[in-house]
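Only one structure is covered here, and it is reproduced in the block below.
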Amino acid sequence: NDDGTVSITGYMGTDSEVVIPNSINSCVVVAIGREAFDGCTSLKGIDLPEGLTSIGMYAFRGCSNIKELEIPESVTYIGAKAISGTAIEEILIPKNVVTMDSDTNDSPIKEIYESALAEADSLKTVVFADGISAIPVRAVKDNTTVEEVVIPDTVTIINREAFDGCTSLKGIDLPEG
């Protein structure tokens, strides 16, 4: 990028563990691009750097052996179906995340909006980090396997379609008041 930052746009390796560095050639890593790790079935774990702000659409789609993904607190955007086809059962959404779907910056098809967690068929629990003030639009929309959502008492707004189509949802832990 021209601003001294870099985006990870693809991965051709077969390692089971990958560590994304904070910087590459003195450029700060700020994004995992669209489809960057799409279909990397050998990948079991990935370490994302603090300072990362964006995880693109389909970034880890089809990475069927990833069971955990720790999203850095610096992330503000998680693209559509970012973890679809993974083995992740529980995920913590950091407090700075404001967008969790396809948007006009990331989607070639402007009319279709899909959740970041759609088709993440192993996902059972979604925890929003303490400090988050709003549940993003379409945050968990159309995830048919999520059974529990934990919302901290810092949340004052649950945006539209946040849990639309979550047919397995058994409970949402809401703050008192």
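Computed from a prediction, not measured in an experiment: that's the story for all the values here.
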Distance-only donor-acceptor pairs under 3.5 Å for side chains of residues 86-93, two or more places apart:
unit_1, atom_1, unit_2, atom_2, d
T86, OG1, I83, O, 2.9
T86, OG1, I88, N, 3.4

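Hydrophobic clustering, with ILVMFWY side chains joined whenever heavy atoms are under 4.5 angstrom apart, keeps M57 apart from V137. By the rule that hydrophobic residues join a cluster once side-chain heavy atoms approach within less than 4.5 Å of another member, F60 and I8 end up as members of one cluster. In this structure, M100 is a member of the same hydrophobic cluster as V155, with clusters built from ILVMFWY side-chain heavy atoms closer than 4.5 Å. By the rule that hydrophobic residues join a cluster once side-chain heavy atoms approach within less than 4.5 Å of another member, V149 and V98 end up as members of separate clusters. Cluster annotation: V97 and V127 are assigned to distinct hydrophobic clusters (Ile/Leu/Val/Met/Phe/Trp/Tyr, side-chain heavy-atom contacts under 4.5 Å, transitive).
When all heavy atoms of P72 and P94 are compared, the closest pair comes out as O-CG, 3.4 Å. What you find for P136 and A162 is that their closest heavy atoms are O-CB, 4.0 Å. Considering all non-hydrogen atoms of both residues, V140 and C166 come closest at O-SG, 3.2 Å. Residues S42 and G13 share a closest heavy-atom pair of OG-O, 4.4 Å. Here the shortest heavy-atom pairing between D38 and R61 reads OD2-NH2, 2.7 Å. Contact record, A139 with I135: CB-CG2, 3.8 Å, taken as the closest heavy-atom pair.
Within 6.0 Å of NZ on K44 lie no more than 12 heavy atoms contributed by other residues, nucleotides or ligands. For E68, the CD atom is loosely surrounded, since the number of other residues' heavy atoms within 6.0 Å does not exceed 12.
Between N96 atom CG and S133 atom OG the span is 9.5 Å, to the nearest 0.5 Å. Expressed to the nearest 0.5 Å, how far CD1 of I55 lies from CD1 of I32 amounts to 7.0 Å. Once rounded to the nearest 0.5 Å, the distance linking CD of E147 with CD1 of I172 reads 13.0 Å. With rounding to the nearest 0.5 Å, the separation of CG in N159 from NZ in K141 is 14.0 Å. Summarising the geometry, atom CG belonging to N143 is positioned 15.5 Å from atom CZ belonging to R138; distances are rounded to the nearest 0.5 Å. Atom CD1 of I151 and atom CG of L174 lie 5.0 Å apart (nearest 0.5 Å).
One N or O on the side chain of D3 and one on the backbone of T5 form a donor-acceptor pair closer than 3.5 Å. Not a single donor-acceptor pair under 3.5 Å links the side chain of S74 to the backbone N or O of E50. Of the possible polar contacts, one joining the T154 side chain to the G131 backbone as a donor-acceptor pair under 3.5 Å is found.
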Go through L52 and V29 one step at a time and tell me if the side chain to side chain contact (heavy atoms under 4.5 Å, CB included) criterion holds. CA-CA 6 Å; L52 190 74; V29 176; 4.1 Å; yes
Start with the C-alpha gap between T99 and T76, add the side-chain angles, then the distance that decides, and say whether side chain to side chain contact (heavy atoms under 4.5 Å, CB included) holds. CA-CA 7 Å; T99 306; T76 60; over 6 Å; no
Yes or no on side chain to side chain contact (heavy atoms under 4.5 Å, CB included) for L117 and V126, after CA distance, side-chain angles and deciding distance? CA-CA 9 Å; L117 305 181; V126 178; 3.8 Å; yes
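Residues K95 and D130 are not in side-chain contact: their nearest non-hydrogen atoms beyond the backbone lie 4.5 Å or more apart.
Residues passing the ring pair (Phe, Tyr, Trp, His ring centres under 6.0 Å) test with Y11 are F37, sequence neighbours excluded.
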